[in-house]
Each structure stands twice: as structure tokens, then as C-alpha cells.
Protein chains: 2
Amino acid sequence: MPTDARTTTRVRAADELKHAALEQFSTVGFAGTSLQHIADEAGYAKSSVLYHFASKEALLEAAIEPAVAGFEDVLEIFLAGRGGRRDARRHELVDRVVDLLLEHREAVHVFLTQGQSLAELPIIARANVAVRRLAAAVCEERESVDDQVRFGIALGGAAFLLTAGRTFADEATMPTDDELRDALRRIIADILTPAPTPSN
Amino acid sequence: MPTDARTTTRVRAADELKHAALEQFSTVGFAGTSLQHIADEAGYAKSSVLYHFASKEALLEAAIEPAVAGFEDVLEIFLAGRGGRRDARRHELVDRVVDLLLEHREAVHVFLTQGQSLAELPIIARANVAVRRLAAAVCEERESVDDQVRFGIALGGAAFLLTAGRTFADEATMPTDDELRDALRRIIADILTPAPTPSN
DNA sequence: ACGCTAATTGACCGATCGGTCAGAGACTGC
DNA sequence: GCAGTCTCTGACCGATCGGTCAATTAGCGT
């Protein structure tokens with residue numbers, strides 16, 4: 001059993017590597033990222049990356065697993081919940097998903113935009129299942145084209161905004177995360193509710 | 001001056017390569033795509049790719065330039081237009097952008113999601129400028145956080161839906177492009193119009 | 001039939017890829 | 001002080017990367 005000092009050292013190195021890896025995976029893609037570059041960014045040698053993680057795929061899994069687990073948790077909470085009206089439950093779901101997006105924005109961007117090409121990796125397959133179940137839960141029995149489009153735009157759009165969107169943000173007008181959280185909660189709930197006639 | 005047969009042959013080869021390249025660039029990313037794989041997909045040798053295009057970067061430029069030019073055109077039409085109310089002009093802009101997204105979905109996905117990491121390439125820099133100008137045009141003088149978020153979600157979400165979104169689409173429920181066009185026009189216009197009070 | 005050019009290809013180049021391995025320091029418990 | 005373990009590293013491996021080049025094939029006008 002390792003000592004505290006050892007544990008923190010090991011954990012810190014692994015965390016630094018995961019963080020550097022996520023940044024690269026979400027901007028240049030998994031296939032386009034080299035272990036050498038990740039190591040350089042984090043201040044280690046390439047061999048050190050493969051000491052802490054068995055392979056490039058294992059590093060990806062370790063980096064995005066918390067985000068995938070978060071989606072699964074949020075989904076189960078929503079599916080298990082019986083109390084409250086449908087509106088309230090859905091608002092809760094949106095709030096939780098927005099929190100997830102803000103906390104794990106890079107990881108979510110990775111498995112949303114590369115879920116196709118990396119589908120053979122178990123962790124990505126898990127993420128794809130979670131996203132599909134989330135879509136089914138949000139659209140419920142209504143499976144019209146509009147509902148699918150609204151869900152896809154809301155989820156993909158939020159993920160885009162929080163990562164790639166920074167490319168197009170004006171110089172000093174970058175909103176804080178709290179401003180973003182507030183805006184995203186309102187706007188996404190708005191998008192998923194198809195402009196109901198006010199008396200509905 | 002080449003003959004018709006020669007021209008069509010040359011054009012067809014270049015088009016096949018551009019099409020194969022776009023599919024790879026939009027799914028695994030520019031850095032993660034190899035010329036060898038592009039050549040294999042299109043049925044040519046790697047040397048042939050570099051015969052038709054001076055470099056990997058030149059291939060990217062040739063593949064996405066029409067999409068970038070389309071954005072620039074749509075933007076200028078919108079900025080030059082004086083007639084009609086603001087609503088009508090904005091609806092026209094949305095319709096044209098949706099058409100662009102449907103026609104050039106892969107190219108748009110490329111420069112939206114990789115505009116950060118490829119910013120040093122001239123064609124990508126051009127695309128980034130066009131997107132920024134489009135954002136400014138849509139939000140006009142109103143530069144609230146909400147407006148920026150709505151624009152980012154609408155554009156990024158639509159691009160996501162049309163490419164990566166297929167990963168999560170249910171088996172046989174894939175809508176046709178015409179259904180998508182119709183839904184996108186209505187929903188995006190809806191998203192960009194911040195839930196006006198009905199009597200407004 | 002001939003020469004010319006466009007189109008395509010395989011062989012090859014240096015660099016970099018993901019991954020292996022033996023060993024060098026650093027720190028632990030004894 | 002010493003053995004043991006954890007962390008980290010450079011040297012090295014076969015494969016693949018983007019790119020060059022000379023040679024081959026095919027089709028054109030004359």
C-alpha cells in the first residue's frame with residue numbers, strides 16, 4: 001500500500017497526463033494526437049505516458065470515463081424519477097446535463113464528435129449507448145423528425161459552443177462559466193420545448 | 001488545351017479524391033487522416049493523390065474552399081440587402097445557411113470543429129473570419145451572452161446533427177434531406193428568435 | 001506510325017508513429 | 001545501510017507518416 005505522498009504524486013502525474021490528453025483529443029482528434037505531444041505538453045517523456053497508461057486507448061478511456069459515467073448516472077436518475085410533472089423532471093434533466101457539459105466539456109466533445117470513428121473502443125461504445133438512451137428519454141414516445149433535430153442541435157450545439165466555439169468568440173467578450181451555465185439551462189430547455197402555444 | 005474526355009477524367013479523379021478526403025477529414029480529423037487511406041478509399045495509389053494535389057494541405061483547401069466561398073457569398077448577400085423587414089432578411093439568411101449546411105455538411109464540420117488546430121492554414125483562417133462575421137451579422141448590435149450562445153448552438157448543433165449525429169440516429173428513422181431542410185429552417189429560425197412574447 | 005503530354009504507379013526517403021525494455025534515481029520500511 | 005518498490009527516462013523496434021522521383025501506360029493530334 002503506497003504512502004500518501006506517493007499516492008498524490010502518482011495521482012497528480014496521471015491527472016496531468018489525462019488533462020493534456022483530453023485537450024489534444026478534443027482539438028486535433030484521437031487519431032491525430034501523438035503520445036509524444038501529450039507528454040511534451042504535460043512535461044513528461046513519452047515513456048512515462050505508457051508507464052501510467054497501458055496504451056493510447058487506455059489513456060483515452062481513463063480520460064473520458066468519468067464523463068460517460070456522469071451521463072449514465074444522470075440518465076438513471078431521470079428514468080427512476082416518478083415524482084413531479086413532466087416539465088419539472090425534464091428541467092431537472094437539462095440542468096444536470098448542462099452541469100455535466102460544463103465540467104466535462106472536452107470529454108463530451110470527444111465522444112460526441114468521434115463516436116463514429118472510435119466506435120470499436122469499449123468506452124466509446126458505452127458513451128454511444130448512453131447518448132442514444134438520452135435521446136430516447138428526452139424525445140420519449142414522440143419520435144417526430146422535429147424532436148430528433150431539436151435534441152441533436154441542443155446537445156451537439158452545446159458541446160460545440162463549449163469547446164470549438166472558443167475559436168469564434170470575440171476577444172474579451174468571453175462569458176464566465178456561471179453565465180454560460182445560466183444561459184445554457186434556459187436556452188436548451190427552450191429548444192427542447194417546441195414553442196408551445198402559450199395556453200398549452 | 002485538354003480534350004473533353006481528358007478534362008472529365010482529370011476532374012473525376014480529383015473529385016473522387018476530394019470526396020474521400022472530406023469524409024475522412026470530417027470523421028477522424030485532418031491530422032488523423034493519412035493520404036494512404038484517402039487513396040485506398042478512392043481507389044488510387046498514394047502517389048496519385050500527390051499528383052493531383054501538391055500536398056495534404058492543398059487537398060484540404062481544394063476540398064473545403066467551395067463551402068467557405070458559399071459562406072462568404074451568403075454573408076455578402078445578407079449584408080448588401082436593404083429591402084424587407086429585419087425578420088424577413090434574417091429568415092432568408094437562415095434559409096441560405098441551411099442550404100449550405102446540407103450541401104457542404106462535411107466541409108463545414110471540418111472548419112467548424114478544427115478551426116482551432118488548423119488556424120495557421122490560409123483556407124481555415126478565411127473560414128474562421130467568415131464564421132465570425134456571420135456571428136456578428138446574426139447577433140447584430142445585440143451582443144448579450146444569450147445571443148452568442150443561441151448562435152453557437154444553432155450553427156454548431158446543425159453541423160453536428162448533419163455529420164456526427166448519424167452515429168446516434170435510430171436504425172430506419174433517418175429523415176430525408178428535404179425533411180431535414182424543412183425542420184432545420186424552422187427550428188434554427190426559432191432558436192435565433194429568443195422566444196418573443198406572442199404580441200411582440 | 002510517331003511524338004507529346006496527361007495520368008498513374010511503385011520504389012524509396014527521412015521523420016514520426018505507438019509500443020517495449022532495461023536501467024537510473026528517489027523514496028520506503030527495516 | 002540495504003533491499004525493495006515506485007516513478008521516470010533514453011535507446012530502440014517495426015510500421016506508417018507525408019513527400020519525391022523515375023518509369024510506365026494510355027490517349028491525343030499530326
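Convention: sequence-line order gives letters A, B, ...; per-chain numbering from 1.
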- prompt: Tell me, which pairs form a salt bridge (Lys or Arg N to Asp or Glu O under 4.0 Å) where one or both residues lie in residues 119-136 of chain A, sequence neighbours left out?
  reply: A:Glu65-A:Arg126, A:Glu72-A:Arg126
message: What is the distance, to the nearest angstrom, from the OH atom on B:Tyr51 to the P atom on D:dT25?
response: 17 Å
- prompt: For B:Arg181, what residues pass the salt bridge (charged side-chain N to carboxylate O under 4.0 Å, His left out) criterion, not counting sequence neighbours?
  reply: B:Asp99, B:Asp178
message: It should be established whether A:His52 places a side-chain nitrogen or oxygen under 4.0 Å from OP1 or OP2 of nucleotide D:dC8.
response: yes
Distance-only criterion, 3.5 Å: show the donor-acceptor pairs between side-chain atoms of residues 39-52 of chain A and protein atoms not counting sequence neighbours.
{"from": "A:Asp40", "atom 1": "OD1", "to": "A:Gln36", "atom 2": "NE2", "distance (Å)": "3.2"}
{"from": "A:Tyr44", "atom 1": "OH", "to": "A:Glu16", "atom 2": "OE1", "distance (Å)": "2.8"}

message: Across nucleotides 11-18 of chain D, 5' to 3', mark each nucleotide with B, S or - according to how protein heavy atoms within less than 4.0 Å reach it.
response: B-----SB
field: Set of residues satisfying side-chain contact (heavy atoms from CB on, under 4.5 Å) with respect to A:Glu103, sequence neighbours excluded
entry: none
task: For A:Lys56, enumerate each residue passing the salt bridge (charged side-chain N to carboxylate O under 4.0 Å, His left out) test, keeping only those at least two apart in sequence or located in another chain.
output: none
